[in-house]
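Working notes for the structure below.
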2 protein chains.
Amino acid sequence: MSATPDQPRVLIVPAKQNLQDGLPSGPLLSEHRTLETALRSWVEQQTALKLGYVEQLYTFGDRDRTKGRARVKGHALSIAYLALVRDASPSRMDRAHWRDWYAYLPWEDWREGTPKALKIIEPTLKAWVRAGGPPLKQFRAERVEMTFGLASGAWSDERVLERYELLFEASLVPEAWRERSDEKAPARLAPGLPMVLDHRRMLATAIGRLRAKIKYRPVIFELMPASFTLLDLQKTVEALSGIRLHKQNFRRLVESEGLVEETGEVTTATGGRPARLVRFRQKVLVERPAPGVRLPGSKRVSP
Amino acid sequence: MSATPDQPRVLIVPAKQNLQDGLPSGPLLSEHRTLETALRSWVEQQTALKLGYVEQLYTFGDRDRTKGRARVKGHALSIAYLALVRDASPSRMDRAHWRDWYAYLPWEDWREGTPKALKIIEPTLKAWVRAGGPPLKQFRAERVEMTFGLASGAWSDERVLERYELLFEASLVPEAWRERSDEKAPARLAPGLPMVLDHRRMLATAIGRLRAKIKYRPVIFELMPASFTLLDLQKTVEALSGIRLHKQNFRRLVESEGLVEETGEVTTATGGRPARLVRFRQKVLVERPAPGVRLPGSKRVSP
DNA sequence: TGCCGTTATGCTAAGGCTGAGTATAACGGT
DNA sequence: ACCGTTATACTCAGCCTTAGCATAACGGCA
């Protein structure tokens with residue numbers, strides 16, 4: 001993944017077969033000593049991208065997950081990784097390209113208030129809740145409340161996977177209809193592009209993990225250029241977490257945690273008063289147990 | 001894993017070949033629909049244990065990790081899971097048994113102040129730091145400080161894996177000497193039992209994840225009986241996290257978060273004034289975004 | 001040149017939460 | 001009745017967070 005101050009991005013590989021997008025993936029060869037080595041060398045070979053921070057996410061191995069495109073019998077194991085890239089303009093990208101990740105999960109972007117996508121989903125989701133018998137109804141209502149927080153207004157930016165899985169269960173995403181040849185998907189699906197296989201689930205996993213991580217580890221700086229303004233940093237955090245932050249408090253936080261240091265330069269490119277350019281202060285890694293850009297408690301931008 | 005108020009436990013399977021302990025493991029068969037299904041049915045079959053909370057931890061796949069016991073060529077993939085069990089007395093345990101996890105990682109238990117094991121490790125670790133050239137020295141010193149916090153006294157209960165890996169790199173654990181047939185391990189190794197293959201690394205991963213998780217999800221109740229006293233709960237949390245907590249504040253936290261509710265009963269089994277028996281309050285799962293037993297900031301018990 | 005819009009940055013009051021400690025209650029045993 | 005022990009209630013000071021207000025420094029324009 002990569003990011004600009006206004007857009008979080010994921011590297012996409014269009015699949016030829018079924019016109020749907022997918023995540024980059026490659027085989028595990030015995031020439032690679034570790035899994036991470038395999039990942040890095042494979043990506044660099046394919047896209048000439050230099051991966052920065054890399055973290056294993058989850059291993060997907062349901063028996064029938066490759067149904068339809070099956071080249072293997074039994075379990076096809078996919079070990080998903082989250083990889084961050086600073087420079088968002090790869091030199092060799094024959095098939096791959098960057099794309100705003102909210103194209104796939106539009107209900108996750110609360111920067112401009114309640115997402116339109118969510119307003120579209122909401123009634124269908126409520127109908128799904130009502131469709132169950134009393135005990136099931138209760139259960140479903142609680143899950144919807146826990147993940148989307150429609151009633152209480154308690155949006156939790158990290159529950160990305162839980163929300164996607166709920167939509168899947170409620171048959172609101174096209175992926176849920178793939179294996180049912182007997183029925184047709186209803187007109188009222190959730191907005192957002194589907195992906196190949198379970199790749200949208202992987203994307204949701206990655207986003208959730210990244211949103212959680214930036215709060216206690218300075219991984220955000222893996223996505224920033226060498227020097228940047230505090231507003232750039234804030235905008236990037238907002239892009240990833242999908243929520244808006246209080247400007248003054250954000251700066252105080254970043255500075256009091258000692259996450260950045262002055263470069264001595266300023267930029268007038270921001271419009272108003274020139275902004276200082278700062279850079280990541282490596283030393284925090286030693287000083288503090290869990291440095292990161294803490295976000296305020298889960299809240300809506302506009303209630 | 002399971003726990004009593006004074007002991008966190010891990011299920012151990014003694015390996016016959018080399019007299020070392022190992023974690024339970026089994027093959028992934030094509031009859032299992034999902035990975036979790038495979039795990040549950042395999043464990044229940046082997047030990048008659050009913051697994052409660054289950055969470056995928058990490059997939060280990062370094063090419064040479066099964067070196068020596070290799071039955072496979074190339075990568076042997078092991079998908080490690082964290083599984084919690086409430087009832088710590090399985091009915092059918094031919095080879096498996098429960099064991100205090102601090103037998104394997106004794107430096108992780110700070111409940112009685114600075115662990116003896118750490119005092120033994122400390123000088124050897126310092127010697128390792130000094131052994132490098134200036135840049136390497138600096139790097140090593142920072143890593144030791146970050147993970148063990150010897151100088152600053154900042155112990156972070158979650159960095160279990162990082163600490164184990166540091167000891168591995170510093171060749172302070174027997175596992176690091178296995179593949180070096182040319183040299184003999186020194187007398188001054190870290191206390192703590194080694195395990196088969198990379199199982200101790202897996203154990204460290206599991207403990208770290210569990211310690212982190214109890215702070216924002218009520219997983220601790222997966223390890224408690226149906227009803228319990230607040231002190232039992234506190235002792236169990238202390239056992240898992242390896243640190244001691246302030247009693248009054250712990251109760252305030254648990255009650256104000258609405259994590260428990262009264263059963264109406266009391267027990268005199270505690271010695272002094274009878275204690276109320278409480279049970280987990282399921283409803284918090286819906287009410288709160290991230291309920292859990294928050295621990296105080298990383299601190300030493302005795303400075 | 002002086003005003004205006006815009007962004008950057010500094011600062012503070014109010015409220016909530018945390019860490020730490022004091023005080024009181026209720027049991028069993030002597 | 002007293003003592004040791006554990007349970008439980010309550011308080012207080014310091015710290016952190018939230019939400020604002022206030023001021024600074026640019027470019028553009030009348």
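So you know, we letter chains A, B, ... as the sequences are listed, proteins then strands, and number each from 1.
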Quiz item: What residues, two or more places apart in sequence or in another chain, satisfy side chain to side chain donor-acceptor pair (under 3.5 Å) together with B:Arg276?
Solution: B:Glu255, B:Glu262

Quiz item: Taking it one step at a time, do A:Glu158 and A:Arg209 satisfy salt bridge (Lys or Arg N to Asp or Glu O under 4.0 Å)?
Solution: CA-CA 7 Å; A:Glu158 298 177 22; A:Arg209 188 79 134 264; over 6 Å; no

Quiz item: Is the A:Trp110 ring parallel, tilted or perpendicular to the A:Trp155 ring (thresholds 30°, 60°)?
Solution: tilted

Practice problem: Specify the residue among B:Asn249 and A:Thr268 whose closest nucleotide of DNA chain D lies further upstream toward the 5′ end. | Solution: B:Asn249

Practice problem: Could you state the atom-to-atom distance from CG of B:Leu253 to C1' of C:dG16 in whole Å? | Solution: 14 Å

Enumerate the protein-to-nucleotides 7-10 of chain C contacts in which both atoms are nitrogen or oxygen and the separation is below 3.5 Å.
| residue | atom | partner | partner atom | Å |
| --- | --- | --- | --- | --- |
| C:dT7 | O4' | A:Gly272 | N | 3.3 |
| C:dT7 | O2 | A:Arg273 | N | 3.2 |
| C:dA8 | OP2 | A:Lys247 | NZ | 2.5 |
| C:dA8 | N3 | A:Arg273 | NH1 | 3.4 |
| C:dT9 | OP1 | A:Arg276 | N | 3.0 |
| C:dT9 | OP1 | A:Arg276 | NE | 3.0 |
| C:dT9 | OP2 | A:Arg251 | NH2 | 2.3 |
| C:dT9 | O5' | A:Arg251 | NH2 | 3.4 |
| C:dG10 | O6 | A:Gln248 | NE2 | 3.3 |

Quiz item: Is the shortest side-chain N to carboxylate O distance from B:Lys215 to B:Asp157 below 4.0 Å?
Solution: yes

Quiz item: What integer distance in Å separates B:Phe250:CZ from D:dA7:C1'?
Solution: 14 Å

Self-check item: Whole-Å gap separating C1' (C:dC11) and NE2 (A:His246)
Solution: 11 Å

Self-check item: Between CZ on residue B:Phe280 and CD on residue B:Glu222, distance to nearest 0.5 Å
Solution: 8.0 Å

Practice problem: Assess whether side chain to side chain donor-acceptor pair (under 3.5 Å) is satisfied between A:Tyr164 and A:Glu162, documenting all intermediate values. | Solution: CA-CA 5 Å; A:Tyr164 175 75; A:Glu162 287 162 82; over 6 Å; no

